[in-house]
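All remarks here apply to the structure that follows.
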Amino acid sequence: MQPLFVLVHSPSVGPSTWHPVAEHLVAAGHQVRVPSLLHVGAGPAPFWPRVVDAVRDDLREVPAGRPLVLVAHSNAGLFLPAIRSGLDHPVTASVFVHAALPARIGPTPVAPPELLEFLRPKAVNGRLPRWTDWWDEADVAPMFSDPQTRQKVVEEQPALPLSYYEQHIPVPDGWDDHPCSYVLFGPPYEGLADEARQRGWRVAHLPGAHLHQIVDPAGTARHLVELSTHREVTGVRPQLGEG
């Protein structure tokens, strides 16, 4: 049975960051779900259970025996172990796309100390500006290929509470006992791609900025299919780590 792709967006942005890739996957004959996590910042902490609930609720009508490929972008990668643990469906592969990596064991902080130090002065009444408002225009503009896409992504973003970035996400033991892989776009995620190699994961490089999946959805979709089916990625020799 062909697995269903579950494309999990970063809670810092919205589901439109995955919609172009979803369209390419559907056109290639795959079934896809893009759960919305736009509401997970509502209410008090902890926030991670709402992420798990959102994905599980989105898959409610998918038969429990249907295999899944979990795909996460950016800080959504930190939630994949908890998501997998909360599902009744078998997960045949997990693909981290320019994403943060969960710890191998033990709870994982959403943000390192240096990021929290950067964010705390930006919070007003405990709530942060939208993610694209954190950065200079010179950093934001290259992530978008056209004004219409930029407008859609920017307007959709939630204003998350600072406490979202202060949370720690549980990591169930043995969460990575299935094929995992990594898609690197570019700086500053090279170190995470190196860590993925050290974990023995396949790593593919699709050069671009942080939201490159909306710039090259066809290339991103191709990598997702080839990594999740454990075939060699076209034009890229996957690199295996030592452990």
Side-chain angles (χ1 to χ4, degrees), residues 1-11 15 17-37 40 48-105 108 169-184 196 199-204 206 213 217-234 236 238 240-241:
M1 185 184 301
Q2 188 181 67
L4 180 148
F5 284 86
V6 182
L7 308 182
V8 185
H9 68 84
S10 165
T17 54
W18 273 129
H19 286 162
V21 174
E23 292 171 3
H24 280 273
L25 288 170
V26 170
H30 300 278
Q31 290 194 327
V32 185
R33 299 295 303 177
V34 185
S36 174
L37 308 181
V40 301
W48 67 265
R50 294 185 202 126
V51 174
V52 176
D53 290 345
V55 177
R56 185 174 58 242
D57 291 347
D58 189 79
L59 297 172
R60 186 180 294 120
E61 296 183 6
V62 177
R66 181 68 184 270
L68 308 177
V69 172
L70 297 180
V71 181
H73 173 249
S74 194
N75 76 61
L78 301 175
F79 298 92
L80 277 200
I83 290 171
R84 185 190 181 210
S85 180
L87 296 177
D88 297 325
H89 304 77
V91 175
T92 60
S94 292
V95 185
F96 293 76
V97 179
H98 216 238
L101 294 181
R104 292 188 177 187
I105 188 170
T108 305
I169 304 168
V171 178
D173 291 346
W175 72 267
D176 54 354
D177 61 356
H178 64 300
C180 297
S181 55
Y182 197 93
V183 179
L184 170 68
R199 296 187 186 192
W201 299 3
R202 301 177 71 201
V203 175
L206 185 64
Q213 75 271 28
T220 305
R222 187 186 76 247
H223 278 69
L224 296 184
V225 171
E226 294 176 336
L227 286 170
S228 64
T229 54
H230 321 305
R231 299 198 307 267
E232 183 170 320
V233 180
T234 305
V236 178
L240 294 177

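- For the ring pair (Phe, Tyr, Trp, His ring centres under 6.0 Å) test, residues two or more places apart in sequence or in another chain that qualify with H30 are F5.
- Applying the ring pair (Phe, Tyr, Trp, His ring centres under 6.0 Å) test to Y182 and every residue at least two apart in sequence or in another chain returns nothing.
- Listed for the H73 side chain is no donor-acceptor partner under 3.5 Å among the backbone atoms of Q213.
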Exercise for the section: Let me see the working for D173 and I105 under side chain to side chain contact (heavy atoms under 4.5 Å, CB included), right down to the final yes or no. Expected result: CA-CA 6 Å; D173 291 346; I105 188 170; 3.5 Å; yes
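- The salt bridge (Lys or Arg N to Asp or Glu O under 4.0 Å) pairs that include a residue from residues 72-85 are R84-D177, where partners are two or more places apart or lie in different chains.
- Taking 4.5 Å as the limit, every side-chain heavy atom of L80 sits out of range of all side-chain heavy atoms of V91.
- Among pairs with a residue in residues 18-29, none fulfils salt bridge (Lys or Arg N to Asp or Glu O under 4.0 Å), at least two apart in sequence or across chains.
- The side chain to side chain donor-acceptor pair (under 3.5 Å) pairs that include a residue from residues 90-103 are S94-H178, H98-H210, where partners are two or more places apart or lie in different chains.
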Exercise for the section: Show the numbers, then the answer: is there a side chain to side chain contact (heavy atoms under 4.5 Å, CB included) between V97 and L224? Expected result: CA-CA 9 Å; V97 179; L224 296 184; 3.7 Å; yes
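- Residues L101 and W201 have side chains in contact (heavy-atom distance under 4.5 Å, counting atoms from C-beta outward).
- In terms of heavy atoms, I83 sits closest to V51 at CD1-CG1, 4.0 Å.
- The minimum heavy-atom distance linking C180 with W175 is given by the pair SG-CZ3, 4.1 Å.
- Smallest separation of non-hydrogen atoms from V95 and V69: CG2-CG1, 4.2 Å.
- Listed for the H9 side chain is no donor-acceptor partner under 3.5 Å among the backbone atoms of A76.
- Considering only residues two or more places apart in sequence or on other chains, Q31 meets the side-chain hydrogen bond (donor to acceptor under 3.5 Å, both in side chains) condition with R66.
- Nearest heavy atoms, A54 versus P35: O-CB, 4.2 Å.
- Residues V71 and W18 form a side-chain contact, since some pair of their non-hydrogen atoms from C-beta on lies under 4.5 Å apart.
- Residues L68 and L59 form a side-chain contact, since some pair of their non-hydrogen atoms from C-beta on lies under 4.5 Å apart.
- Nearest heavy-atom pair, T229 versus V225, reported as atom, atom and distance to 0.1 Å: OG1-O, 2.6 Å.
- Closest approach of L4 and R33 over heavy atoms only: CD2-CG, 3.6 Å.
- Salt bridge status for D53 with R50: absent, with no side-chain N to carboxylate O gap under 4.0 Å.
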Exercise for the section: Decide side chain to side chain contact (heavy atoms under 4.5 Å, CB included) for L87 and V6; before the verdict, give the C-alpha distance in whole Å, the side-chain angles of both, and the deciding distance to 0.1 Å. Expected result: CA-CA 12 Å; L87 296 177; V6 182; over 6 Å; no
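- The shortest side-chain heavy-atom distance between F96 and V203 does not fall under the 4.5 Å cut-off.
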